[in-house]
Amino acid sequence: MANFYKDNTDLKFQFSHPLMGKIVELKEQNFKDFGKFDYAPQNIEDAIDSYDKVMEIVGDICGNVIAPNAEQVDHDGPVCKDGRITYAAGTQQNHDVLTQAGVYGLNLPREYGGLNFSMVPYVMAAELVSRADAGFANIWGLQDCAETIYEFASKEIKDEFLPRINKGDTCSMDLTEPDAGSDLQSVMLKATWDEEKQMWFLNGVKRFITNGDAQIKLVLARSEEGTTDGRGLSYFVYDKAWGGVTVRRIENKLGIKGSPTAELVFKNAPAKLVGDRKLGLIKYVMSLMNGARLGVGAQSVGLSEAAYREALKYANERVQYKKAIINFPAVVELLAVMKAKLQASRAILYETTRFVDIYKAYNAVSEERKLTPEERQEFKKYSKYADMFTPVLKMMSSEYANQNAYDAIQVHGGSGFMKEYPVERLYRDARILTIYEGTSQLQTVAAIRYVTNGSYLAKIREYEQMEFKPEWAPLKAKLVAMTDQFEKACELVAGKGDEYVDFHARRLVEMAAHIIMSYLLIIDSQTCDSFVNSAKIYTNKSEAWNNERFSYIQNFSPEDLNEFNAVKSEELPEVE
């Protein structure tokens, strides 16, 4: 029997991180639920044991239900008929089995049927599901909507909607429109208050909505007449049972075919306001998007794991010139770099998750009592770290998932191009990861301010001050030199104008990311030998990658921008 948790020791390792004790204590708030709920832990060890056992359950379902269903789900896909969506049979089975196991709503409070888990096991479950089927991970991951309802909605709305998550009600976040993709300030779906019925009503169209026919929807809509920017948008919760929303069509996509992406029509659809008016985009969607980007990080790592394992398996089985192809240096290098990228992605995934865990826990504590000055300082610190690391995580892990899926096909050769091997599906599924929930380019925009204000450099210097075993001194020296190089690159770019900074932004963000991810792998290697090879390979590769970026920045002048800007005025010849 396959178990995607038990066959991967890198996952259980995350529960041994020094911050996990602090995370559990904050999440459980002095274990106040012990005795109140029979499954509530009484101490840190008890909580970690619960995490471990539930991950075993999720790993078993992923290995024995979701993964075996993946190929057929990809082939069949969902169906739209009479304005409603029906999942592929395998998708419905996946959902039903997970619901019966009680593993939806992992991080919701116990009073709403959740397990009150921290973000670390929740993200780990998302990684496991993504390894099994990245498309289904979207349906699974949209339970993030419950977190937004819990954080910002009224008690009435919480009591109405949150207990349904653990019972299997599906969710969607309805943000984008035909003329408002990443530019959510342009959303025009109209929300109108009906004084007589004491209800909001929604009218308009939404497009590219993942899991669009869900039972519970969070909808971004324009509530303020005469506005055209983000200040006129509010956030609403909608129940499918209320009617007024129909599915116009399902998009025909390259990959993640089991996850229905829909165009929706709202016609006087009843809805309830979440939180305060005018804060829909400014506050609530931004919070949800950060969670969604963490989810795409987990999805990317899960897919990377699947791609690496398929490539490794094939390389050991495929014989050419009387020996398995894993014995050829060109192949073994591909595989080693794939694993290094995978483990580096996982390292930054859980580092980011721990930051999110702590700041969210402090936020929850602040609802119960006033934070002490020390706690408020920690809250601010970890909130900033989460904001810094989330765009880097999303960009780097999704890019590496694409690269690993590409290289997995390369290891397979011509066979990888055929549908009889899973890597063909993984390659198609991976492509969306650098696009949705903010493209890699938009993640660069989010991250560059932490380059220019020195935040990444300061965090890197903090890692630099940690104690490492003596044998790691040469590798640490490389990272110190790389950090000096990164600092100089920032100085070269600074002061030459915003356009110059914007042009080199991705190079600078990637340089910072390579150093951070190298440090994280080396830190993990101090206590776990399974990371040693990847730490060395990734750091040496990062040195080469950063040298390339530094050389380009060093030899680039503001005048060189003209060559790139010329494309703005280029006109293509008309076809006769």
Side-chain angles (χ1 to χ4, degrees), residues 108 112 142-162 164-165 169 171-210 212 214-245 264-293 359-360 363-364 366-367 383 387 437-438 446:
L108 280 178
Y112 296 115
L142 278 163
Q143 61 183 293
D144 279 350
C145 294
E147 185 78 6
T148 299
I149 293 172
Y150 175 68
E151 287 187 12
F152 302 115
S154 65
K155 186 178 186 305
E156 175 195 1
I157 289 176
K158 291 178 189 177
D159 291 344
E160 181 178 1
F161 287 94
L162 293 183
R164 295 164 53 183
I165 303 300
D169 274 17
C171 301
S172 70
M173 52 178 181
D174 299 10
L175 307 179
T176 54
E177 298 179 5
D179 296 318
S182 295
D183 181 16
L184 292 176
Q185 292 195 84
S186 300
V187 160
M188 294 306 294
L189 186 114
K190 190 174 183 180
T192 308
W193 173 250
D194 188 309
E195 189 67 36
E196 181 181 342
K197 295 181 179 178
Q198 291 290 293
M199 183 70 79
W200 289 89
F201 288 89
L202 308 178
N203 287 277
V205 176
K206 290 288 185 183
R207 193 180 182 199
F208 296 144
I209 305 305
T210 302
Q215 281 119 336
I216 299 171
K217 292 177 166 295
L218 288 177
V219 186
L220 185 65
R222 190 160 297 279
S223 59
E224 312 307 309
E225 287 279 354
T227 62
T228 57
D229 62 11
R231 290 169 291 184
L233 298 171
S234 299
Y235 217 23
F236 300 88
V237 62
Y238 163 87
D239 189 330
K240 184 178 177 179
W242 297 341
V245 179
L264 309 174
V265 178
F266 289 73
K267 290 185 179 179
N268 291 322
K272 294 183 179 182
L273 181 69
V274 172
D276 298 319
R277 288 171 66 163
K278 304 180 185 180
L279 296 181
L281 178 61
I282 298 168
K283 185 175 182 180
Y284 310 135
V285 170
M286 288 300 101
S287 174
L288 181 60
M289 288 293 282
N290 276 340
R293 286 166 182 168
Y359 98 76
K360 279 185 175 288
N363 191 55
S366 71
E367 297 292 322
S383 181
D387 285 344
E437 310 306 346

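Both backbone and side-chain heavy atoms feed into the values below; hydrogens, waters and symmetry mates do not.
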Q. Among Leu218, Leu288, Asn290, which one satisfies side chain to side chain contact (heavy atoms under 4.5 Å, CB included) with Asp144?
A. Leu288

**Q.** Under-4.0 Å salt bridge between Asp174 and Lys217
**A.** yes

**Q.** Nearest heavy-atom neighbours spanning Asn203 and Leu189
**A.** O-CG, 3.5 Å

Q. Would you say the side-chain atoms of Ser234 pair up with the backbone N or O of Lys278, donor to acceptor, closer than 3.5 Å?
A. yes

Q: Indicate the atoms forming the closest heavy-atom contact of Tyr238 with Gly243, along with that distance.
A: OH-O, 3.1 Å

Q) What's the spacing between Ile216 CD1 and Ile149 CD1 if we round to 0.5 Å? A) 6.0 Å

Q. After noting the C-alpha distance and the side-chain angles of Leu175 and Met289, does the key distance pass the side-chain contact (heavy atoms from CB on, under 4.5 Å) rule?
A. CA-CA 10 Å; Leu175 307 179; Met289 288 293 282; 3.9 Å; yes

Q: Kindly give the heavy-atom pair with the smallest separation between Val187 and Ala221, and that separation in Å.
A: CG1-CA, 4.3 Å

Q.
As an exercise, state the distance from OG1 of Thr228 to CG of Leu233, rounded to the nearest 0.5 Å.
A. 9.5 Å

Q. Short question: side chain of Asp194, backbone of Lys197 - any donor-acceptor pair under 3.5 Å?
A. yes

Q | Exam field: side chain Lys158 to backbone Tyr150, donor-acceptor pair closer than 3.5 Å | A | yes

Q: Tell me, yes or no, whether the heavy-atom count around Asp179 atom CG, taken from other residues, nucleotides or ligands under 6.0 Å, exceeds 12.
A: no

**Q.** Salt-bridge contact Glu177-Arg207 (side-chain N to carboxylate O under 4.0 Å)
**A.** no

Q: Evaluate the criterion side-chain contact (heavy atoms from CB on, under 4.5 Å) for residue pair Cys145 and Phe161; output intermediate values, then yes/no.
A: CA-CA 10 Å; Cys145 294; Phe161 287 94; over 6 Å; no

Q | Least distance between heavy atoms, Phe201 atom then Asn268 atom | A | CD2-O, 3.3 Å

Q: Report the relative orientation of the aromatic rings in Tyr235 and Tyr284; use parallel for angles under 30°, tilted for 30 to 60°, perpendicular for over 60°.
A: parallel

Q) How far does CG of Leu108 sit from CD of Glu147, to the nearest 0.5 angstrom? A) 6.5 Å

Q | Euclidean distance, Gln215 CD relative to Trp242 CH2, rounded to 0.5 Å | A | 13.5 Å

(Q) So which atom in Lys272 and which in Ile157 form the shortest heavy-atom distance, rounded to 0.1 Å? (A) CB-CD1, 4.0 Å

Q | Electrostatic pair Lys190-Glu225, nearest N-O below 4.0 angstrom | A | yes

Q) How far apart are the closest heavy atoms of Lys206 and Thr176, and which atoms are they? A) CD-O, 3.3 Å

Q: Output the distance between atom CG (Asp169) and atom NZ (Lys240), rounded to the nearest 0.5 Å.
A: 10.0 Å

Q.
Would you say that more than 12 heavy atoms from the other residues, nucleotides or ligands in this model lie under 6.0 Å from the CD of Glu156, or not?
A. no

Q: Using a strict cut-off of less than 4.0 Å between a Lys/Arg side-chain nitrogen and an Asp/Glu carboxylate oxygen, indicate whether Glu224 and Arg231 qualify as a salt bridge.
A: no

Q: List the steps and the verdict of side-chain contact (heavy atoms from CB on, under 4.5 Å) for Tyr112 and Asp159.
A: CA-CA 8 Å; Tyr112 296 115; Asp159 291 344; 3.3 Å; yes

Q | Evaluation steps, side-chain contact (heavy atoms from CB on, under 4.5 Å), between Met173 and Leu142 | A | CA-CA 8 Å; Met173 52 178 181; Leu142 278 163; 4.0 Å; yes

Q. How many angstroms lie between atom OG of Ser186 and atom CZ of Arg222, to the nearest 0.5 angstrom?
A. 8.0 Å

Q | Side-chain donor/acceptor of Gln198 to backbone N/O of Glu195, under 3.5 Å | A | yes

